2 protein chains.
Amino acid sequence: MTRTVISSASKEVTIGFDQPFCIIGERINPTGRKLLMAEMAAGDFSRVEADALAQVAAGAHMLDVNAGVPLADEPKILADCVKLVQSIVDVPLSIDSSIVEALEAGLAVYQGKALLNSVTGEEERLEAVLPLVKKHGCAVVAISNDETGISEDPDVRFEVARKIVERAMDHGIPKEDVVVDPLVMPIGAINSAGVQAFAIMRRLKEELGVNSTCGASNIGFGLPNRPSVNAAFLCMAARSGLTSAIMNPLHETEVAAVMAADMMNGTDANCARWLARFRDPEARGSSGRQGRRQGRRRREDAAGGV
Amino acid sequence: MTRTVISSASKEVTIGFDQPFCIIGERINPTGRKLLMAEMAAGDFSRVEADALAQVAAGAHMLDVNAGVPLADEPKILADCVKLVQSIVDVPLSIDSSIVEALEAGLAVYQGKALLNSVTGEEERLEAVLPLVKKHGCAVVAISNDETGISEDPDVRFEVARKIVERAMDHGIPKEDVVVDPLVMPIGAINSAGVQAFAIMRRLKEELGVNSTCGASNIGFGLPNRPSVNAAFLCMAARSGLTSAIMNPLHETEVAAVMAADMMNGTDANCARWLARFRDPEARGSSGRQGRRQGRRRREDAAGGV
């Protein structure tokens, strides 16, 4: 049974087919968040701090940290963010950048065994990132595209994933430290995006035996009622073999979806985690908004017996 | 490609792997609804009428009609309900009873091709119900239990389903007119209920090639935040091959879940049905409660970009 262990200085998280689905908070990422981007560029990390605390409080098991600010000193900003986030929360981090120097800077200050996000199937990238992964003994997200781009053929994307896993093993990185991202496209633009992704996820589990992750929110891009789109995708993906996702833990609908999927998949024994979270919302110290939502759901349930 | 066609006097609904998931409204059923039971026993069908209209307005493609009132004249009540419901809504019905005479009475007044709910794998029941199905040319729900009860072994439940399908064919009923109910247990009581159900659903699709349905709300029985439990189950079931469910269309969370699952499974071309329902909730003439809910979701989406 494949188990990917990621850690901070004080906490371990295991990603695996026999484990609860791993929620990786997506919020610390300036892409599409103008205000956060401007603040990060100016060295103001107050929102990063708030996002870190809120996501962990909402149920994130790990946090993704991305500092992709154009024209800024990304390696420095990413390293600063990694240090800051590790100083205020104890969950392990995914260090996220498309710039190898930034990944290196983040790893240099990280305490524990990080998840490095990411390597692709492109030759140059493989040979730049995999030695870093080996050197630091971390795990890595393997994105299933290469020099030819992102194929719409799930079999081609699967073969790219297989190539990365094999190359990682050539570098002495164990298979369980490669977490494949099958790449999720917006369903509003590519109607077959769901079927494609589920097909790859199933093969990743059954044929390669590797863990997987994805940027789940991408599926609902541009659609109304996006949290419900993302929630359905996450449940179906969890059924197809996906073991973690970079997602928004502040969307209660999505967190409930993956937690319910855990019950369905048999990774929440006696529904203990579900009951702890939802049985007594008032006792959970949840935010007012969450409390009100759950209160309303309960009233609906009670009304069901009329 | 298996297609089960059910109809009323004026409307056809097709259940199939290449079709949108078929939502069968569960509300017209006195089980666990004391007030409705008392009213039905007294011949007051005002709540039946209101439930029929509300469920269709909320998106039900079919309605289940059950009149299981102990010590009452169930055949007469069921026939009266079927007539009443057919006089006010145009969706096809599932005629639901454990009493063969009631099924017969319902079928006698039904206009169109009904879904008869249900036959089991019990010898006596098979030989009582299947001739009725053949005589009326209707479709039938086949529940995968027999004289030995409900097995926890999905392979045993699958074999019961296979037996019913084969027996139906012996009676001259085409395979596409048998819709198998794999039986869904409460996940709070039987932790493997999800995995069991999904395993049977996959075999029903891939090996028997038959459509399937289930009482979906059963999965979340006794758990808090039940609509979210049911929603996750429905998405995962739809991914595993389930093509319809007897469920509560008044739970927006559950309807959104199956509609999003349709997008993921490629049965909502261009996301047209999703957009029609969620793009402009104010234009939909939805109830105030639904309108407010959707309004809140939209604000959340807008807030996502901060």
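Everything numeric in this text was worked out from a predicted model, so none of it was measured. Here is how names work: the chains are called A, B, and so on, in the same order as the sequence lines, proteins then strands, and each is numbered from 1.
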Fill in: Asn225(B) (side chain) donor-acceptor with Phe278(A) (main chain) under 3.5 angstrom
no
Worksheet item: Which region of Ser217(A), side chain (C-beta onward) or backbone (N, CA, C, O), has a non-hydrogen atom less than 4.5 Å from a non-hydrogen atom of chain B, or is it both or neither?
Response: neither
Item to complete: Would you mind reporting whether Ile187(A) and Met264(B) have side-chain heavy atoms less than 4.5 Å apart?
Response: yes
Item to complete: Pick one of side chain, backbone, both or neither for Ala261(A), based on which atoms fall under 4.5 Å of a heavy atom in chain B.
Response: both
Worksheet item: Between Asn270(B) and chain A, which part of the residue has a heavy atom less than 4.5 Å away: side chain, backbone, both or neither?
Response: both
Item to complete: Calculate, to the nearest 0.5 Å, the distance between atoms CZ and SG belonging to Arg239(A) and Cys235(B) respectively.
Response: 13.0 Å
Worksheet item: So, the side chain of Trp274(B) versus the backbone of Gly188(A): is there a donor-acceptor pair under 3.5 Å, distance only?
Response: no
Fill in: Residue part contacting chain A, namely of Ile219(B), when any heavy atom lies under 4.5 Å
side chain
Worksheet item: Are the side chain of Asn191(B) and the backbone N or O of Ala269(A) linked by a donor-acceptor pair below 3.5 Å?
Response: no
Item to complete: Please step through side-chain contact (heavy atoms from CB on, under 4.5 Å) for the pair Met263(A) and Leu223(B), ending with a clear verdict.
Response: CA-CA 11 Å; Met263(A) 284 195 289; Leu223(B) 288 176; 3.9 Å; yes
Worksheet item: When only pairs under 4.5 Å are counted, which of Gly194(A), Gly220(A), Ala237(A), Ala232(A) shares the most heavy-atom pairs with chain B?
Response: Ala232(A)
Discussion item. For Phe221(A), is the CZ atom crowded, meaning more than 12 foreign heavy atoms sit under 6.0 Å from it?
Written reply: no
